[in-house]
Amino acid sequence: MSGAVKVYAITEFGLGARGSSEGIVDFQTAQLMMDADIVRISNKCYRVKYKEVTECGKINFYSEEIIRKSFTELKLSEIE
């Protein structure tokens with residue numbers, strides 16, 4: 001896949017345990033994700049705390065998962 005970027009959502013749970021989700025997006029989507037407060041990776045939504053781009057071009061989004069009660073779109077009240 002030409003122009004593909006690996007993206008990771010890294011979450012922390014309690015006393016240092018971590019979880020992560022991985023995805024591959026095109027370069028333009030990765031650029032948009034860098035400016036976003038909320039990203040969607042592997043069909044899960046994450047609220048971004050901070051982000052980094054590694055030397056090999058991967059993007060790590062350090063975040064918390066937004067838990068939804070249903071599969072409907074997020075409502076503004078759930079985001080705030």
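- Between Lys6 and Ile24, the shortest heavy-atom contact is CG-CG1, 4.1 Å.
- Of all the heavy atoms in Val5 and Gly57, the pair that sits closest is CG1-O, 3.7 Å.
- Two residues are said to be in side-chain contact when any heavy atoms from C-beta on lie closer than 4.5 Å; Phe61 and Glu52 fail this criterion.
- Atom CZ of Arg40 is separated from atom OG1 of Thr29 by 13.5 Å, given to the nearest 0.5 angstrom.
- With sequence neighbours left out, Glu64 forms a salt bridge (Lys or Arg N to Asp or Glu O under 4.0 Å) with Arg47.
- Here the shortest heavy-atom pairing between Ile38 and Cys45 reads CG2-CB, 4.5 Å.
- Between Ser63 and Val48, the shortest heavy-atom distance links the atoms CB-CA, 3.9 Å.
- With sequence neighbours left out, the side-chain hydrogen bond (donor to acceptor under 3.5 Å, both in side chains) criterion links Tyr8 to no other residue.
- By the 4.5 Å heavy-atom criterion applied to side chains, Val25 and Met33 are counted as neighbours.
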Audit row: Val53, Met34, side chain to side chain contact (heavy atoms under 4.5 Å, CB included) steps and yes/no: CA-CA 10 Å; Val53 178; Met34 288 300 291; 3.9 Å; yes
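- Checking Tyr46 against Ser21 by side-chain atom types alone, a donor-acceptor pair falls below 3.5 Å.
- For Ser42, there are no side-chain hydrogen bond (donor to acceptor under 3.5 Å, both in side chains) partners at least two apart in sequence or on another chain.
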